Structures are given as C-alpha cells and as structure tokens.
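The structure appears right after this line, and notes come after that.
What you are looking at is a predicted structure, and each value in this text was computed from that prediction instead of being measured. Letters go in sequence order (proteins before strands), and every chain restarts at 1.
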Amino acid sequence: MDIYKEQLQRLFDAGLAYYAFETPKELGEERKKARAEKRAYRYNRASLELSPETVEQNLKEGKPHVVRFKVPEGGALTVTDCVVGEVTVARTEVDDFVIFKGDGFPTFHFAVIVDDALMNVTHVLRGQEHLNNTFKHILLQEALGFEQPTYAHISLIFNPDGSKMSKRDKDKTLRKFVRENNVESAPESCVSEDAWATWQASKDNQLSTDDATKLALALGVELPEINVDDFKQAGYMPEVLLNYLCLLGWSPGNDVEQFDADFLVEKFSLDRIVKSPAKFDRAKLLAFNLDALQKLSQEEFESKLLAWCQEYAPAFASIENFSLFASANHERSKTFRDATVTSSFLVKDDEAIAWPESKPLKKALLKGEVSGLSRMPAIIEAFGQLETWNAESIDSCLNALAEELADGNLGKVAQPVRIAVAGGPVSPPIGDTLVLLGKESTLCRLTRCHDFFASACDA
RNA sequence: GGUCCCAUCGUCUAGCCAGGUCAGGACACCAGGUUUUCAUCCUGGGAACAGGGGUUCGAAUCCCCUUGGGAUCACCA
C-alpha cells in the first residue's frame, strides 16, 4: 500500500493526477446522456477546474473523492502487440481514468502497472479484452518512467454457440433451468434461503461454487466443464487438456497437433499465435484424450486410473482385482470416467441389478426362434460346474455352449449373459466381466434375471 | 452508438508477412470393413478461402469498401 501511495505522489508531483469529487450517481447520469446522444462518454474534467483552495477545502471536509490520472497532451497512441500487431488510437479516446478509488485503494490499472514494473515483468500475456486497457497502461508507464513490457493479447475462447466461454456459464445454466422449470425455491438442504433469494434478486449475484454444485446435483442439471478441475473430474488427463488448449489459438505447423509439455516449451513462440477467437470443441478434446490413453502402457494406465478413482470414484478404487478392471477397460475408454460409467454394475449389489426394457435387451433375451432367455438354464448349469473361474475357462465354456446351442454364434450366448449380469447391453469383454464379478455373483445374477423374465413372460 | 480487434471445410487450423503446386492436416460427419456388446481399429468419401472492387501476366496471400462476428467504453479485476 505504501508503495502505491509513493508512486501516486510522484504523479501528483508531476501534475498528472488530481482529485475528483463527483458522485457515482452524477457520473452515471453523464454516461446515460452521452449514450442517448450516441457519443462516447468522456469524463468532463470538471474537478480539474476546481481551484486549489476548493480542493483543499473539500479534502478537509472529508468529501468523498477519487484520484484521476490526467492524460497528457500529445499525438496518437500506439501499442505494439506481438499477436495483434500495431494498434493505434487517438489520444482523446482515453478518459481521465480513476487510479485511486473512494475507499483509498488503487484501481486495477494503477496497481497492475506498479506491480509489473517493480517486479520486473517483461512479458504481459492476457486476453484480448484487455487490448483497450493497454493504452491506459502505457500512459501510466510513461508518466512513471517505467519500461514498457512486451504485450501479447490472446484471442478469447468461445462456446460452440459463439458466446464467450466463461466461469459464469455454470451460473447461466442453472438460471436457465430454474426459469424454464419454474423452480420456486431451493430443494431441501442444498442452498440456504438467503443465498437463494440473493441469487434470484439479480443475475449479477452468482451462487458460490459449492452451492452451485449442490444445486445442480439436486436438480439433476449437468453443469458445463469450465474450470480445470471440472475436466479432471470428467476424466481427462491434465496433459491432454493443456495440449488441446494450446492448439486453440496456436499451432506448431507441419500438421503436428498432439504434443507434450516438453515439445511446447521448446517450440512455443508468440508469433504463431492465431488472432481470431476459437470455439471450444469437446469432441476433439475427447478424441485427443482417447489417443493419449491408448498410448499409455498397461501399467501407466492402471496407476493413473487408480489415482483418478481414488479421488472421484472411491467405490471403484477398492475393486479387488483392480489390475484386471483397468486392463479390461483400457482400450475402450475415452476418459477415466468412462471406465466407471460402463462398469457401474461392478460396484452394485447383486440384488440391485434391474433390467429396464430396451431394444437390445429384447433382441438378446426375448426375440428369435430360440430366445436368449431359453438358453439361460443351460448356461447357468455349465457355469455352475466350472471349477476354475478365469477368463480362459469362461471363454471356452461359452464357446462350447455357443457350439451346442447356437451354431457357434458366440453372441447368442454371450449377450444374454452380459445383460443378465450388467443390467444392460454394455460391459467389458465377457470373460473379464465375469471374472471381475466372481462366480457367485455371476450365478446369482443369471438366476435372478432368468426368474425375473420367466415370471414376466408367464404373466 | 463511439473506439478497437477479427474473418480458410460444421469445428480447430496449415498456407498469408517474402503473390505462381488439384488449398494440406486433425476432430466431427457419411459409406464400407474387423469385432461376443459398447468402444476401439482399418479403408474410402463429401466438405472452405464471407461478398465486391482494385494492384498484378497471375491474389486465400497485398490495398480499399461492404457484410458478419467479437471486445471495450466502471470508484471490477
């Protein structure tokens, strides 16, 4: 704080700063008027006209005030930006902006210039929304005699619909849902009444991250992934996200798209940054993640998957034969989460498996000249007699059954089994699935499934 | 509205600065194929220089205009 004050004093000494006493209300009206007259709003420098005595007097009376920067006379202003190139603007476009607020703290513009200069910052990379601010910054640097850092303004990232991708998107998603479904109040025990009321009062009041997450869960709303941690939780690898993000606005050329951090460190250069904004394409990120997962060795995949499960899906982390769980899912997962989604039946109780009707289910169990269901007893019987319970023995047992019951068509016996144990048509390869489940659970589920449909058919 | 920025397949982009190959790749999409499900995997396909003027023997590339998109205009950072 003392440092800011000290720098401010230098500006006063040079006659480049002055006190202003207008209230926010007054300024707001000025602004409105300017807008109505279709011209840009400029501060009118009224306080600059005040005599030193009046200023002194006002200060003594404790009149609320700010400190403004006095934009010096001169020609056009030019910023040289590494990405955008030279940008020139008329000096009159820059307002006598506030550098110290009514509360006695410096504004962002002032603080950032002092901070950067005193910390010897050489490169400023930031979003393109700051491009216009840069003029204020170079004016301040000139006034304080600071060296100008190298600027690079990076284009923004958009959602597929063209809107700016922002951390506010979660809030927007929730609001939309609440509005469209006429949700009057927060579901029990997730957001306090007060918080809800504040939130609903204005769209400028965002819910806390915690509350937002709880509310989304309670309402069953899918929040978009925005924060880095959201992507981690969704099962993406951090290095893939980095890779993809870099590609949104930069490329090494030579048709190279997938690379690691080392490559980036070596090849990255500001002059290859693309000027135009990019849309965030989740499908491509997903494809990149798949490629990266497939490149991992069995061991790497297993340890990374385990780490992910421990953090986000503990039920899976405690799977007995985790190694098999990992290998069975390696090839077919696009994200770490995929493995847990398509294998959710593994962590359910046998009694919790249900068989909601669906096309593939009907096809596998109920349709055909000889239905899958009718083969079930023979399958249960054969499995019951299996002494060793591993992928090889199960597969060969299944093959034999296929030969015997379905002209060697393995799908005709494997698919009913899959549905019976998983409750749906999707699972890892059947041998691995059954080993993971264990003989007891497998038989239990097969029997339950058979009974369930047998009684349903009778009725 | 003022000011500033941007513009190549649906999407991300290479090519542009130092005009001259069928405008290249990736994702997505479509069609085949492999596979016990899902996914993976393999092969093939369609797909773009926003529009109009210039400059030039020649323009995606240089210049101008139009159109479209975006940012910003705070006692927020």
Side-chain angles (χ1 to χ4, degrees), chain A residues 20 22-24 27-28 31 34-43 64-68 79 81 83-85 87-90 92-95 97-109 111-112 126-135 153 155-156 158 160 162-164 204 244 247-258 271-272 274-288 290-291 293-294 329-334 338 341-342 360 363-364 395 398-399 402 409-419 422 424-431 433:
Chain A
E22 289 80 5
T23 64
L27 296 172
R31 234 173 256 128
R35 193 52 176 264
E37 288 168 25
K38 299 197 170 190
R39 35 163 252 268
Y41 164 76
R42 283 292 109 74
Y43 173 65
H65 63 275
V66 298
V67 181
R68 284 179 183 271
V79 172
D81 184 279
V83 174
V84 184
V87 183
T88 304
V89 97
T92 50
E93 288 300 321
V94 183
D95 221 1
F97 54 97
V98 173
I99 50 180
F100 260 75
K101 299 185 280 181
D103 62 8
F105 281 94
T107 62
F108 162 72
H109 298 302
V112 82
R126 39 151 69 148
Q128 216 156 62
E129 73 261 31
H130 284 289
L131 190 55
N132 288 294
N133 289 334
T134 312
F135 296 104
H153 287 90
S155 61
L156 273 14
F158 292 153
S163 63
K164 184 170 105 174
D204 289 330
Y244 177 73
L247 221 46
L248 241 41
W250 179 83
S251 83
N254 292 106
D255 294 338
V256 176
E257 287 204 313
Q258 299 192 0
D271 56 7
R272 286 191 66 87
V274 180
K275 299 183 192 180
S276 50
K279 289 179 187 165
F280 194 94
D281 180 9
R282 283 193 170 64
K284 187 156 181 168
L285 173 64
L286 198 59
F288 272 35
L290 169 77
D291 287 344
L293 286 183
Q294 309 243 308
N329 281 290
H330 189 178
E331 202 182 52
R332 34 204 295 292
S333 295
K334 295 187 177 186
D338 270 1
V341 170
T342 55
K363 188 182 168 211
D395 277 345
L398 240 21
N399 275 314
N409 190 334
L410 187 54
K412 286 264 200 289
V413 294
Q415 197 58 4
V417 172
R418 171 176 286 116
I419 290 176
V426 178
S427 90
I430 196 71
T433 301

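A14(B) and C57(B) have their C1' atoms separated by 28 Å, given to the nearest Å. Here, G15(B) and A71(B) have their P atoms 27 Å apart, quoted to the whole Å. Here, A18(B) and C12(B) have their C1' atoms 27 Å apart, quoted to the whole Å. G2(B) and A47(B) have their C1' atoms separated by 40 Å, with the value rounded to a whole Å. With C1' as the reference atom, C63(B) and U56(B) are 12 Å apart, rounded to whole Å. For C4(B) and C22(B), the C1' atoms lie 40 Å apart once the distance is rounded to whole Å.
Residue L156(A) is classed as a sugar-phosphate contact, given heavy-atom separations below 4.0 Å to backbone atoms only. If you check every strand for non-hydrogen atoms under 4.0 Å, G249(A) touches sugar and phosphate atoms only. The residue H130(A) sits close to a base: some heavy atom pair falls under 4.0 Å. Using a 4.0 Å heavy-atom cutoff across all strands shown, F158(A) reaches sugar-phosphate atoms only and no base atom. Residue Q294(A) is classed as a sugar-phosphate contact, given heavy-atom separations below 4.0 Å to backbone atoms only. S251(A) comes within contact range of the sugar-phosphate backbone alone, with a heavy-atom separation under 4.0 Å but no base atom that close. Using a 4.0 Å heavy-atom distance criterion, I419(A) is classed as making no nucleic acid contact. Contact annotation for N133(A): base contact, defined as any heavy-atom pair under 4.0 Å involving a base atom. In this structure, L248(A) reaches the sugar-phosphate backbone alone: every heavy-atom distance under 4.0 Å involves primed, P, OP1 or OP2 atoms, never a base. At the heavy-atom level, H153(A) lies nowhere under 4.0 Å from the strands shown. Residue P64(A) is out of contact with every strand shown, counting any heavy-atom pair closer than 4.0 Å. In this structure, G253(A) reaches neither bases nor backbone, as no heavy-atom distance under 4.0 Å exists between it and the strands shown.
Of the possible donor and acceptor atoms, none in the side chain of D95(A) sits under 3.5 Å from a partner among the backbone N and O of F97(A).
Distance CG/D281(A) to CG/L286(A): 10.0 Å, rounded to 0.5 Å. Interatomic distance, NE2 of H153(A) versus CG of N132(A), reported as 9.0 Å (0.5 Å rounding).
In this structure, of A14(B), U72(B), G10(B), it is A14(B) that holds the atom nearest to the side chain of V274(A). Here the side chain of A287(A) is nearest to one of C27(B), U37(B), U13(B), namely C27(B). Side chain of E257(A), nearest nucleotide from C12(B), U37(B), A71(B): C12(B). The I430(A) side chain lies nearest to U36(B) when the options are C75(B), U36(B), U13(B).
Both N409(A) and N254(A) sit near RNA chain B, but only N254(A) has its closest nucleotide nearer the 5' end. Both V98(A) and V426(A) lie near RNA chain B, and the one whose nearest nucleotide falls closer to the 5' end is V426(A).
Under the Watson-Crick and G-U wobble criteria, each requiring two contacts below 3.5 Å, nucleotide U72(B) is paired to G2(B). The partner of A26(B), taking Watson-Crick or G-U wobble pairs whose two distances both stay under 3.5 Å, is U11(B).
Contact annotation: the side chain of P252(A) never approaches that of R272(A) to less than 4.5 Å [non-hydrogen atoms, C-beta and beyond].
Close to G15(B), at under 4.0 Å from its OP1 or OP2, lies a side-chain N or O of R272(A). Between C75(B) and T107(A), no contact under 4.0 Å exists linking OP1 or OP2 to a side-chain N or O. Dashed line: the shortest gap from a side-chain N or O of R31(A) to OP1 or OP2 of C75(B) is under 4.0 Å.
Using cut-offs of 30° and 60° on the angle between ring planes, the pair H130(A) and F108(A) is tilted.
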Every protein N/O within reach of nucleotides 5-9 of chain B N/O, cut-off under 3.5 Å:
unit_1: C6(B); atom_1: OP1; unit_2: K275(A); atom_2: NZ; d: 3.2

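Within a 6.0 Å sphere centred on CG of D103(A), heavy atoms belonging to other residues, nucleotides or ligands number more than 12.
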